[in-house]
Amino acid sequence: MNKLIKYSLLGSMLLTQVVAAKSIAIVGAKVHTMSSQGTIDNATVLIKDGKIQKVMQGEPALAGYEIIDAKGKVVTPGLIGASTSLGLVDVGFSAGTNDSNSSLTSISKTGAAFDVSYAINSDSSLMAIARIEGVTSAASSMGRTGQLFNGQGAMISLGNVSDPVIQAKAFISTRVGNSGADTMGGSRSVLWVSLEKALAEAKFAIGKPLTPIDEWHGELSRADIAALIPLVKGEMPLLIDARRAADIRQVIALKQRQPQLNIVITYATEGWRVAKVLADNDIPVILDPEANLPFGFDQLGSTLKNAGRLSAAGVKVSIGIETHNIRLARQHAGNAVANGLSWDQGLAALTINVAKLYGIDDKLGSLEAGKLADVVIWSGDPLEVTEAAEVVLIAGEKVDMQSRQSKLRDRYLTLQTNKPMQYVRP
Amino acid sequence: MKILDNKRQLFKLAAVTSFFALVGCSESGEDKAKGPAFQINQNPFPSTYKPIVSKSVLITHATVLDGIGGVFNDSSVLLQDGKIVAIGNDLSVPDDGVIVDAKGKWVTPGIIDVHSHLGVYPAPGGTAHSDGNEATNPVTAEVWAEHSIWPQDAGFQRALAGGVTVMQILPGSANLVGGRGVTVKNLPSATVQDMKFPNAPYGMKMACGENPKRVYGQKGGPSTRMGNVAGYRQAWADAQNYQRSWDKYYADHEAGKKDAKVPKRDLKLETLALALKGEILVHMHCYRADDMGTMLDVMKEFNYKIAAFHHAVESYKIADQLAEAGVCSAMWADWWGFKLEAYDGIQENIPMVHAANACAIVHSDSDLGIQRLNQEAAKAWANGRRAGIDISQADAWQWLSANPAKSLGIFEQTGSLEKGKNADVVIWSADPFSTYAQAEHVYLDGALIYDRNVPASWPVSDFELGQPGEGDSK
């Protein structure tokens with residue numbers, strides 16, 4: 001799984017942060033660990049060297065720790081944006097370069113080779129706007145390539161760090177619903193053959209030398225093949241956007257033909273109709289629980305009950321398809337809870353379930369000893385729209401709770417008439 | 001919310017002005033011998049809305065927000081003959097009436113969305129259904145959104161489940177002037193006429209900024225903001241000229257001149273002329289403070305009235321000026337950044353506008369957002385409090401009902417729980433400022449049109465009949 005790249009990038013990130021990292025103790029809160037420890041009232045979370053040291057009930061001796069009193073508050077792991085283009089786009093529309101979109105180039109014939117880890121910009125204004133509301137890491141990938149695949153996505157930290165990429169080449173995504181068919185020849189009859197062919201070529205190429213002087217008669221470019229080999233080995237997830245039940249059944253059939261594939265379904269609008277089969281085949285979903293309209297003929301059975309029904313059948317649900325407003329993922333989860341998802345799974349859908357499906361649950365997604373200290377202290381129930389993140393830590397560092405939006409607010413909170421507002425420096 | 005008096009007057013005027021008077025011709029002194037002057041039928045697509053026949057309803061033991069700043073704990077609300085009769089503690093209902101125990105629940109006026117494209121951009125989408133933008137000319141004041149509305153859009157029923165009783169359906173924002181909007185009641189219907197809010201004034205959609213210049217940049221212009229403004233001004237100037245031709249005709253007719261000639265009707269200029277007279281309310285899509293400032297000047301130059309800026313993500317920068325001008329701002333709680341003119345959107349915009357004594361409205365512009373406008377208001381309310389702007393929930397509900405009703409010119413009929421008003425009422429399962437609260441009962445003109453607890457009673461659009469998930473919880 002590209003371990004070399006993964007660990008070197010992660011190592012450099014931690015290096016920059018560990019230097020200033022303090023030992024921190026968060027005391028008194030209700031802590032949802034999202035681990036086997038469950039939820040602990042009046043808990044203490046100990047943080048050292050940027051990682052979770054221990055979570056325990058009660059308050060131990062805390063000499064050497066900076067103490068954050070969180071009595072009456074709720075503590076959770078940092079939220080993980082499940083499907084975003086964070087770091088790739090500031091303003092998506094008619095405002096210059098947008099790294100979440102691309103056009104065809106000769107380096108790739110399928111879009112699989114494109115790699116967003118080169119493009120992630122931690123100075124993007126979206127980063128601070130999302131992190132001060134408790135989103136501390138995210139999956140980020142391209143939104144549109146016009147090709148079969150939407151490039152190789154990355155797992156990123158939303159910390160203010162020199163290297164935000166936690167894991168490059170973390171996943172590849174594709175679409176098999178109406179929009180996928182529209183892109184690939186206008187019919188699923190074309191799309192699926194293209195997808196099968198790409199996977200077959202990559203499988204065929206495993207172990208074969210693919211230098212420029214080796215013979216290669218495949219239809220994919222060498223760069224595409226290199227990108228897809230980890231995928232066909234099951235070492236990276238393949239995210240497949242499938243919405244109608246018939247499409248989801250095709251994805252399940254693919255998984256049954258090629259059980260080694262690590263498949264995640266995105267949207268899964270009619271997933272509730274085939275929930276048990278999805279669970280039996282161990283296919284998790286990332287969905288937008290609020291999408292309850294028949295936007296196309298591949299989404300006729302859409303309902304707000306989708307997340308709850310899938311979860312009840314045993315499907316692991318993740319929530320958070322957004323970019324500029326990924327901070328609203330907790331509202332999306334709250335609405336799933338209002339429509340049948342258990343509260344615990346609502347929070348899991350924003351944290352541990354996301355970490356698991358991307359295979360980064362050794363580092364993120366729960367408050368457990370050894371994991372990165374991405375921690376949020378909330379004013380109350382994080383799934384309530386009226387509550388807010390009050391303290392956010394990323395890798396053990398307290399985040400500066402400012403963004404250009406909070407600065408705009410503070411500048412204009414009291415309108416002055418004696419001089420232009422541009423002189424106000426909040 | 002204090003609405004400036006001049007604006008209050010305007011809304012009243014707009015609500016009561018007859019639809020049948022294009023110009024102020026005098027009835028007296030008419031020369032019968034030469035026949036009456038030509039009159040334009042200003043209501044060729046009349047409302048055929050009929051409320052569902054309903055029994056009296058007494059909702060008891062609820063927390064009631066009246067929508068104009070009042071909160072009543074453990075109170076009753078009486079709905080009779082389609083109207084609000086009273087809020088109080090000693091109310092009784094006739095023997096054949098219904099008593100609804102709402103202990104632990106909340107009651108509010110129905111939500112009114114001033115900015116919806118339901119029906120004109122329905123689900124399912126696609127070119128066949130893309131009826132919201134007549135993107136063939138920068139000024140298409142002659143088109144009416146109601147002629148595009150597909151009443152079978154399932155979005156109407158989803159909005160119903162979110163407590164939305166009334167909405168304004170607008171044309172899209174491709175054009176400088178996009179055409180007329182229409183105010184509808186959210187009752188499932190086969191024709192749009194059956195949904196039209198009786199006697200509601202028409203709205204007219206205009207758009208600032210990036211959309212018109214993008215759409216027309218390669219089609220002969222405008223391609224810039226300055227081109228946009230030139231376009232509005234020329235359109236208004238043409239409308240003034242058109243109005244003068246009708247004024248002259250009526251004056252000549254009145255004077256008995258034999259050559260008094262009926263001017264050629266121009267449907268585009270007719271709508272613009274009615275907007276100049278305040279009989280059609282101008283709803284202006286503008287994001288940026290500077291765009292809004294420019295439009296306030298255009299408004300003064302041509303002496304018309306902007307009812308509300310929509311999408312006004314930068315209203316917080318000029319909230320004092322908007323209060324002074326008496327122009328409402330219809331806003332999202334937190335949308336931002338999807339295009340450059342939305343880049344400065346902040347989550348405290350709505351409470352900051354409210355705090356400046358300007359008229360704040362929460363709007364959706366979304367078939368999903370319209371289902372949770374209570375949560376949009378809740379977010380704005382909570383973000384305002386964290387910024388030190390202390391607004392009560394009762395005051396904040398004005399953003400969802402009273403202020404939108406005022407900007408649509410229908411506040412005399414709906415938008416608050418006041419005696420004599422239409423019984424457009426929602427019973428919420430809990431505090432509607434909570435994510436978990438859901439609209440349980442939705443009443444329109446006193447009739448229960450949505451009951452979350454009785455699935456068999458839910459309306460199912462024709463489109464969804466016989467499809468996967470028919471009749472399912474949505």
Side-chain angles (χ1 to χ4, degrees), chain A residues 89-96 125-126 129 133 244-245 270 272-273 288 290-305 323-325 327-328 330-331 333-335 337-340 343 379 381 383-388 404-413 415 417 421, chain B residues 122-126 153-155 158 161 210 214 314 316-321 333-340 342-349 352 355-356 367-368 371-372 375-376 378-379 381-383 385-389 429 433-438 463-464 467-470 472-474:
Chain A
V89 54
D90 276 281
V91 171
F93 203 53
S94 306
S125 58
L126 281 70
I129 285 166
E133 301 217 26
R244 70 186 190 191
E270 291 188 351
W272 62 273
R273 297 177 64 204
D288 174 356
E290 295 183 355
N292 67 338
L293 279 162
F295 297 111
F297 278 89
D298 62 345
Q299 303 161 66
L300 296 173
S302 58
T303 166
L304 290 170
K305 302 274 188 192
T323 295
H324 283 81
N325 265 337
R327 58 191 178 186
L328 298 184
R330 62 194 184 91
Q331 183 186 4
N335 278 294
V337 169
N339 288 281
W343 190 92
S379 58
D381 177 356
L383 306 190
E384 272 288 11
V385 284
T386 48
E387 305 294 346
R404 70 178 297 278
Q405 286 190 0
S406 72
K407 288 195 154 199
L408 279 164
R409 172 197 64 205
D410 293 343
R411 165 174 280 177
Y412 286 97
L413 208 45
L415 290 172
T417 49
M421 298 304 291
Chain B
D153 183 355
R158 306 292 195 277
E210 291 173 22
R214 185 181 71 248
E314 290 190 12
Y316 66 95
K317 297 183 181 179
I318 52 163
D320 50 353
Q321 293 179 47
D334 42 33
W335 285 17
W336 75 283
F338 44 89
K339 54 180 172 171
L340 202 50
Y343 193 53
D344 282 6
I346 65 170
Q347 297 180 106
E348 295 80 6
N349 193 23
M352 284 166 76
D367 45 15
L368 295 180
Q371 302 177 40
R372 281 169 289 278
Q375 291 177 27
E376 300 307 294
K379 286 185 287 186
W381 170 77
N383 281 311
R385 284 168 79 92
R386 277 189 285 275
I389 303 170
S429 61
F433 288 68
S434 163
T435 316
Y436 308 121
Q438 292 189 309
F463 177 75
E464 297 200 296
Q467 306 275 24
E470 171 194 330
D472 190 12
S473 169
K474 300 295 185 180

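Residue numbers start from 1 in every chain, and the chains themselves are labelled A, B, ... in the order their sequence lines are given, proteins ahead of strands. Nothing here was measured: the structure is a model prediction, and the numbers come from that model.
Side-chain contact between A:Phe295 and B:Asp367 is present, with heavy atoms from C-beta onward closer than 4.5 Å. Here the side chains of A:Met421 and B:Lys317 are not in contact, with every heavy-atom distance at 4.5 Å or above. Using a 4.5 Å heavy-atom cutoff, the side chains of B:Asp472 and A:Trp272 are in contact.
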Evaluate side chain to side chain donor-acceptor pair (under 3.5 Å) for B:Asp344 paired with A:Gln405, printing each intermediate quantity in order.
CA-CA 7 Å; B:Asp344 282 6; A:Gln405 286 190 0; over 6 Å; no

Audit row: B:Phe463, A:Phe297, ring pair (Phe, Tyr, Trp, His ring centres under 6.0 Å) steps and yes/no:
CA-CA 11 Å; B:Phe463 177 75; A:Phe297 278 89; 5.6 Å; yes

Please walk me through it: do A:Tyr412 and B:Asn349 pass side chain to side chain contact (heavy atoms under 4.5 Å, CB included)?
CA-CA 10 Å; A:Tyr412 286 97; B:Asn349 193 23; over 6 Å; no

After noting the C-alpha distance and the side-chain angles of B:Lys474 and A:Lys305, does the key distance pass the side chain to side chain contact (heavy atoms under 4.5 Å, CB included) rule?
CA-CA 7 Å; B:Lys474 300 295 185 180; A:Lys305 302 274 188 192; over 6 Å; no

Please lay out, stage by stage, how A:Leu413 and B:Ile389 fare under the test side chain to side chain contact (heavy atoms under 4.5 Å, CB included).
CA-CA 9 Å; A:Leu413 208 45; B:Ile389 303 170; 4.0 Å; yes

Could you walk me through whether A:Phe93 and B:Leu340 pass the side chain to side chain contact (heavy atoms under 4.5 Å, CB included) check?
CA-CA 7 Å; A:Phe93 203 53; B:Leu340 202 50; over 6 Å; no

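The candidate with the highest count of non-hydrogen atom pairs below 4.5 Å against chain A, out of B:Gln371, B:Met352, B:Gln438, B:Arg386, is B:Arg386. Most heavy-atom pairs under 4.5 Å with chain A, from the set B:Glu376, B:Arg214, B:Gln467: that is B:Arg214. Most heavy-atom pairs under 4.5 Å with chain B: of the set A:Thr323, A:Leu383, A:Thr417, this distinction falls to A:Leu383. Ranking A:Ser379, A:Ala245, A:Ser125, A:Ser94 against chain B, the residue ahead of the rest is A:Ser125, based on heavy-atom pairs under 4.5 Å. Ranking A:Gln299, A:Arg411, A:Glu387 against chain B, the residue ahead of the rest is A:Glu387, based on heavy-atom pairs under 4.5 Å. For the set A:Leu304, A:Val337, A:Val91, the entry with the most heavy-atom pairs within less than 4.5 Å of chain B is A:Val91. Per-residue counts of heavy-atom pairs under 4.5 Å with chain B were compared for A:Asn292, A:Thr303, A:Asn339, A:Val89; the largest is that of A:Asn292.
Within 6.0 Å of NZ on B:Lys339 lie more than 12 heavy atoms contributed by other residues, nucleotides or ligands.
With values rounded to the nearest 0.5 angstrom, A:Glu290 atom CD is found 3.5 Å from B:Arg372 atom CZ. Atom CZ of B:Arg158 sits about 5.5 Å away from atom OG of A:Ser302, to the nearest 0.5 Å. Rounding to the nearest 0.5 Å places CG of A:Asp288 at 7.0 Å from CG of B:Leu368. Taking CG of A:Leu293 as the start and CD of B:Glu464 as the end, the distance is 7.5 Å to the nearest 0.5 Å.
Put simply, the side chain of A:Asn325 gets close to the backbone of B:Asp334: a donor and an acceptor are under 3.5 Å apart. A donor-acceptor pair is defined here as one N or O able to donate and one able to accept, closer than 3.5 Å; no such pair exists between the side chain of A:His324 and the backbone of B:Trp336. Looking only at distances, no side-chain donor or acceptor of A:Arg409 sits under 3.5 Å from a matching main-chain atom of B:Ala387. Under the 3.5 Å distance criterion, the side-chain polar atoms of A:Glu384 are matched with a main-chain donor or acceptor of B:Thr435.
Residues A:Gly296 and B:Pro124 come closest through the heavy atom pair CA-CB, 4.0 Å.
Proximity to chain A (any heavy atom under 4.5 Å) is shown, for B:Ala319, by both the backbone and the side chain. In this structure, the portion of A:Arg327 lying under 4.5 Å from any heavy atom of chain B is its side chain and not its backbone. Both the backbone and the side chain of B:Tyr436 have a heavy atom closer than 4.5 Å to some heavy atom of chain A. Heavy atoms of A:Glu270 lying under 4.5 Å from chain B belong exclusively to its side chain. Residue contact with chain B, scored on non-hydrogen atoms closer than 4.5 Å, involves the backbone and the side chain of A:Leu408 alike. Both the backbone and the side chain of A:Thr386 come within contact range of chain B, with heavy atoms under 4.5 Å apart. Neither the backbone nor the side chain of A:Asp410 comes within less than 4.5 Å of any heavy atom in chain B. For chain B, no part of A:Arg244 is nearby; none of its heavy atoms comes within less than 4.5 Å. Using a 4.5 Å cut-off between heavy atoms, B:Glu470 does not touch chain A at all. Heavy atoms closer than 4.5 Å to chain A are found in both the backbone and the side chain of B:Trp335. Heavy-atom distances place no part of B:Arg385 under 4.5 Å from chain A, backbone and side chain included.
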